[in-house]
Protein chains: 2
Amino acid sequence: MDALDQRIISRLVADARSSYSEIGKAVGLSAPAVKRRVDRLLDTGVLRGFTAVVNPEALGWGTEAFVEVHCIGNVTPDRIRARLLPLPEVVAAYTVSGAADAIVHLRAGSIHHLEDALERLRAVDMIDRTVSTVVLSRLLDRPPAPELS
Amino acid sequence: MDALDQRIISRLVADARSSYSEIGKAVGLSAPAVKRRVDRLLDTGVLRGFTAVVNPEALGWGTEAFVEVHCIGNVTPDRIRARLLPLPEVVAAYTVSGAADAIVHLRAGSIHHLEDALERLRAVDMIDRTVSTVVLSRLLDRPPAPELS
DNA sequence: CGTGAAACCATAGCATG
DNA sequence: CATGCTATGGTTTCACG
């Protein structure tokens, strides 16, 4: 993980479909050298893969919410995870410090759909109580800067 | 936006670097037909682009928090956005319903770095008060399912 | 790491339904 | 309108030095 790797990652974050020779020209390497580095980054888990960024609104997934989840008793992260996986509206989930046990990021097609998803979320047995916060607008959404801390 | 487009999007979300002929084989189209559809999806904004998924921990961005932001008086989303943009630790931000005005998703390299970012966030003049929730572990992180609504 | 070769891909133009 | 074909130039992906 040197400076060259970081520049390669920056390029791929900006456009995952750019060619290795394009990246190579930008960072001063040959195309095979770039591929070798990318393969290594994938192998070591620094890069998890490449994905398309979809506009959720265009796909009819324009309604989001963050839900604080309070569980009954002490539950392991793995068990929470197992119960959240079957819900397709759950796009992300985290265990957190503070009063809540977890924060669940929901995405749905409409307020009605969101309500439905919330109902299914609340039906999960280990969940005691939820506090939902509906997203009104997305102010910002960007990849973390690959450069240092 | 028909079923074919959705299957193409699924494929690209799963791997943004797969070739048009590969996708074509999977969905039953020729490579040029797939490219034309992808170009159209990019044009119409359904697809916003292609990006590499980086492992934040591997890059030293393993510390996250969600911060409820309470502003002074009535502030427009655009003005909040303008103040958040210069903070590189802000990876996402939303205006929300409820008591808070916004939720800010922070990512930093360490607790210390997070504290520093929080301090800079709180220094934003229009911000009255913040409530931070530190992420302990990531349970789930996946793209929204393109199918149904 | 770079070079070179073979297979593969992107992409524009043209023809078909 | 969207599709499939075809041609050409660029790309990927080896093996080798």
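Below, chain A is the first sequence line, B the second, and so on; all start at residue 1.
Counting only heavy atoms from C-beta on, Ala33(B) has its side chain closest to dT3(D) among dC1(C), dT3(D), dC9(C). Among dA10(C), dT11(D), dA2(D), the nucleotide with an atom closest to any side-chain atom of Arg40(B) is dA2(D). Taking only side-chain atoms of Pro32(B), from C-beta outward, the nucleotide of dA12(C), dC14(D), dA10(C) with the closest atom is dA12(C). Here the nucleotide nearest the side chain of Leu29(A), chosen from dG2(C), dT12(D), dT3(D), is dG2(C).
Between the P atom of dC1(D) and the CG atom of Asp5(B) lies a distance of 16 Å, rounded to the nearest Å. The nearest whole Å value for the distance from the CZ atom in Arg36(B) to the P atom in dC1(D) is 13 Å. As a whole-Å value, the separation of Ile23(A) CD1 from dG10(D) C1' is 15 Å. With rounding to whole Å, Asp39(B) atom CG is found 15 Å from dT3(D) atom C1'. In this structure, the CG atom of Asp15(B) is 13 Å from the P atom of dT12(D), given to the nearest Å. Going from atom OH of Tyr20(A) over to atom C1' of dG4(C) covers 19 Å, rounded to whole Å. Between the CG atom of Leu4(B) and the C1' atom of dT3(D) there is a distance of 11 Å, given to the nearest Å. If you take NZ of Lys25(A) and P of dG2(C), they are 14 Å apart, rounded to a whole angstrom.
Two different hydrophobic clusters hold Val69(A) and Ile103(A) under the rule that ILVMFWY side chains link at heavy-atom gaps under 4.5 Å.
Residue Ser30(A) has no polar side-chain atom (N or O) positioned under 4.0 Å from OP1 or OP2 of dC1(C). Within the structure, a side-chain polar atom (N or O) of Arg17(B) is placed less than 4.0 Å from OP1 or OP2 of dT12(D). Of the side-chain N and O atoms in Lys35(B), none sit less than 4.0 angstrom from OP1 or OP2 of dA10(C).
Residue Leu139(B) comes nearest to Ile80(A) through the heavy atom pair CD1-CG2, 4.0 Å, listed as atom of the first residue, atom of the second, then distance. Summarising the geometry of Val13(A) relative to Thr51(B), their closest heavy-atom pair is O-OG1, 2.6 Å, with the distance given to 0.1 Å.
Backbone-only contact: Arg37(B) has heavy atoms under 4.0 Å from sugar-phosphate atoms and none from a base.
Arg11(A) CZ: 12 or fewer foreign heavy atoms inside a 6.0 Å radius.
A cation-pi arrangement, defined by a distance under 6.0 Å to the six-membered ring centre and an angle within 45 degrees of its axis, is absent between Arg138(B) and Tyr94(A).
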